[in-house]
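Have a look at the structure below before the remarks.
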Amino acid sequence: MFNKKIFAFVLSLAVIIPALFGTALTVNAEEAKPVVPEIRVTTQEGNGVTLEKADGYVSAEINISDTEGFNLSDRVNFKVRGNTTALSWVKKKAFTFKFEKKKDVLGMGKGKKWALIANAFDPTLMRNYIAFNTAYELDIPFTSNQKYVELWVDNTYMGCYVLYEPVQEGKDRVDIDIESNDGKNDFLIEYEYSREEDDVTYFLANGLRFISSEPETPNEEQLEYIKSTMTDITNTLNNGTQADIEEKIDISSFVKFYLLNEYVKTYDFSMSSVYYYYKDGKLYAGPPWDYDLSAGNECDGLSARCTNAANPNGAFINSNLYRYLYNKDWFKKLVKQEYEKHYDYFKSIHSDNGLMDTIYSDYGDLFNRNYTEAGWSVSKWWINIQKKPLATYRENYDFLKNWYSQRNVWFEDYLKPFSRDYILGDANNDGKVDISDVTMIQKYIAKLIDESDDTFLYRAIVTGHSGISIVDATSIQRHLSKASDSTEIGKDKTVILPH
């Protein structure tokens, strides 16, 4: 998986990119650039460029190479992948290739299946890449590695693609045990609102519709187990306490997955391409997938959902399993705390010399070749739910950068990072001031407890002293006995923590 410490180091070394103009941004040729891996596919019938999804797999030879010494040649099965992206009128197709045996490709781990994502609906070619980098930053389990590559199919230059590990079970993929002998197998599911496909196993859990992804073709007993497990989990999400819910789901993964998808406003979140996996008795959110229709890349005005997704303001992720979580105060508090941990990263996405500028500094030549040598259009075609692309690459790039800037402004106002509301004198943070707060302060002074809550001292120091003392406990006692009403004890306060 991606090493975010290395990425942070690279990010810190970024230099100011040159002026942006024309149909593409320009790159300083004197700057050292990473060499993009090359993938060349030669189909047996020579029909790779005209393949459609209905054609299924065709036999092909593949050669994958980079300048770091990696070179792999083998036979594969090759096909068009995706749903909307696989429609016949979509010009730039995405592909899947599959080896007979698992292969380690470009140091990304071993697997049979690999996905070549075209980013056909994203004129910046960055939205998926940014979303996955954000998932790395958040440390969402089993997030796919990714590499920009150049693709040739039957000697036709296809331009810029991103190589991903598809979401599936495997030691180097989603590491779950779908064949355990205790009758309580792990599983991988995908939320699917309405699409119907052959050879796919669908099931309902409290009205929510899912696909059984792993096992892909469950037997009757396996399917019943998956259905009953998900029904139990959704019942708990709907009716349970925070403690009940945390027994059923890995809350950390749900918080991180929400933060990712809410930040980029993933259009498909209420429809499909949303994965969950069950491992060792708990449900996890993720891994992430499919972000070309995100970050404002939706048609404002086509529908209420499109308009909401396109707008950098407002909350959006309130569907499928998150319908039970998004409006719970304790869940929002956990999201706020996670956002605070990565506050500098989120600001860096759109900032000068930040993530977007670094991606372009590294891959701008590749993006330019995608629109010149490969001949794909920046702005001449799009789908109805997509924002109509602007005329030049620069305009689309600037739009995306500005959208992320506005999104972060809204996020800061929505979550109010580093601010804490509290009641002065409520030392144990139970929402009221009583004798238990006096006892807690006394225990803290006597070093019987070690309180690490970031607002404890603000709540407990009621006398204005620089440190907590017995005077604070006495002042609360006097307040409770109504011997003194000259303090602010019991009143609502807000503190902005240092960051």
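No hydrogens or angles considered: a donor-acceptor pair under 3.5 Å links the side chains of Lys92 and Asn370. Checked by atom type, the side-chain pair Asp244/Thr241 shows a donor-acceptor distance below 3.5 Å. There is a side-chain donor-acceptor pair under 3.5 Å between Glu412 and Asn408. Using modelled atom types and a 3.5 Å distance limit, the side chains of Gln406 and Asn313 yield no donor-acceptor pair. Between the side chains of Asp421 and Thr494, at least one donor N or O lies within less than 3.5 Å of an accepting N or O. Side-chain contact check for Thr266 and Asp268: no donor-acceptor pair (N or O, by modelled atom type) lies under 3.5 Å. Residues Glu150 and Tyr157 have side chains that bring a donor and an acceptor to within less than 3.5 angstrom of each other. Under the 3.5 Å distance criterion, with hydrogens and angles disregarded, a donor-acceptor pair is assigned to the side chains of Tyr164 and Gln146. Side chains of Asn206 and Thr231: a donor-acceptor N/O pair is absent below 3.5 angstrom, by distance only. Defined by atom type and a distance below 3.5 Å, a donor-acceptor pair is missing between the side-chain atoms of Asn239 and Tyr324.
With a 4.5 Å cut-off on side-chain heavy atoms, Asn128 and Val162 do not count as touching. Taking 4.5 Å as the limit, every side-chain heavy atom of Lys113 sits out of range of all side-chain heavy atoms of Phe97. Within the 4.5 Å cutoff, the side chain of Val174 has no heavy atoms near those of the Glu214 side chain. Counting heavy atoms from C-beta on, the side chains of Trp376 and Met158 come closer than 4.5 Å. The closest side-chain heavy-atom distance from Lys91 to Trp381 is below 4.5 Å.
A salt bridge does not link Arg127 to Asp292: none of the charged side-chain nitrogens sits closer than 4.0 Å to a carboxylate oxygen. A salt bridge links Arg209 to Glu196: at least one charged side-chain nitrogen sits closer than 4.0 Å to a carboxylate oxygen. Ion pairing of Asp352 with Lys401 is present here, as a side-chain N (NZ or NE/NH1/NH2) and a carboxylate O approach within less than 4.0 Å. Ion pairing of Arg459 with Asp453 is present here, as a side-chain N (NZ or NE/NH1/NH2) and a carboxylate O approach within less than 4.0 Å. With salt bridges taken as basic N to acidic carboxylate O contacts below 4.0 Å, one links Glu340 and Arg420. Salt-bridge check for Lys147 with Glu165: failed, with every basic side-chain N at 4.0 Å or more from each acidic carboxylate O. With salt bridges taken as basic N to acidic carboxylate O contacts below 4.0 Å, none links Lys248 and Glu246.
Two rings, from Tyr278 and Tyr284, have their centers 6.0 Å or more apart.
Note that CG of Asn402 is 13.0 Å distant from OH of Tyr404, once rounded to the nearest 0.5 Å. One finds the OG1 atom of Thr134 at 6.0 Å from the CG atom of Leu260 (value rounded to the nearest 0.5 Å). One distance of note links CG of Leu259 with CD1 of Ile317; it measures 11.0 Å at 0.5 Å rounding. Summarising the geometry, atom CD1 belonging to Ile226 is positioned 8.0 Å from atom CD1 belonging to Ile189; distances are rounded to the nearest 0.5 Å. Annotation: the span from Lys279 atom NZ to Phe187 atom CZ amounts to 13.0 Å, rounded to 0.5 Å. In this structure, CD1 on Ile176 lies 15.5 Å from NZ on Lys171, to the nearest 0.5 angstrom.
Taking the ring axis of Trp114 as reference, the NZ or CZ atom of Arg173 stays within 45° of it and closer than 6.0 Å to the ring centre. Taking the ring centre of Tyr267 as origin, the terminal cationic atom of Arg305 falls inside the region bounded by 6.0 Å and 45° from the ring axis. A cation-pi geometry, defined here as NZ or CZ lying under 6.0 Å from the six-membered ring centre and within 45° of its normal, does not hold between Lys336 and Phe418. In this structure, Lys387 forms a cation-pi arrangement with Phe399, its terminal cationic atom sitting closer than 6.0 Å to the ring centre and no more than 45° off the ring axis. Relative to the ring axis of Tyr414, Lys332 places its NZ or CZ within 45° and under 6.0 Å from the centre.
Each of Tyr191, Phe254, Trp289 was compared with Tyr276 under the ring-ring contact (aromatic ring centres under 6.0 Å, His included) criterion, and only Phe254 meets it. Each of Tyr136, Tyr291, Tyr148 was scored for a ring-ring contact (aromatic ring centres under 6.0 Å, His included) with Tyr129, with one residue passing: Tyr148.
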Q: With ring pair (Phe, Tyr, Trp, His ring centres under 6.0 Å) as the test, would you mind laying out the steps for Tyr258 and Tyr326 before giving the verdict?
A: CA-CA 8 Å; Tyr258 174 85; Tyr326 81 99; 7.9 Å; no
(Q) Working note: Asn308 + Lys265, criterion side-chain hydrogen bond (donor to acceptor under 3.5 Å, both in side chains); need CA distance, chi angles, decisive distance, verdict. (A) CA-CA 9 Å; Asn308 188 352; Lys265 296 190 89 169; 3.0 Å; yes
Q) Between Asp250 and Ser252, does a side-chain hydrogen bond (donor to acceptor under 3.5 Å, both in side chains) hold up when you go through it step by step? A) CA-CA 6 Å; Asp250 178 77; Ser252 175; 4.7 Å; no
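Looking at every heavy atom in both residues, Gly109 comes nearest to Asp104 through N-OD1, 3.1 Å. Listed here is the closest heavy atom pair of Leu188 and Tyr277: CD1-CB, 3.9 Å. Nearest heavy atom pair, residue Pro288 against residue Ile140, reads CD-CG2, 4.1 Å.
Counting heavy atoms of neighbouring residues, nucleotides and ligands inside a 6.0 Å radius, atom CD of Gln337 exceeds 12 of them. The number of heavy atoms from other shown groups lying within 6.0 Å of NZ (Lys333) does not exceed 12. With a 6.0 Å radius and a threshold of 12 heavy atoms from other residues, nucleotides or ligands, Phe70 has its CZ atom above the threshold.
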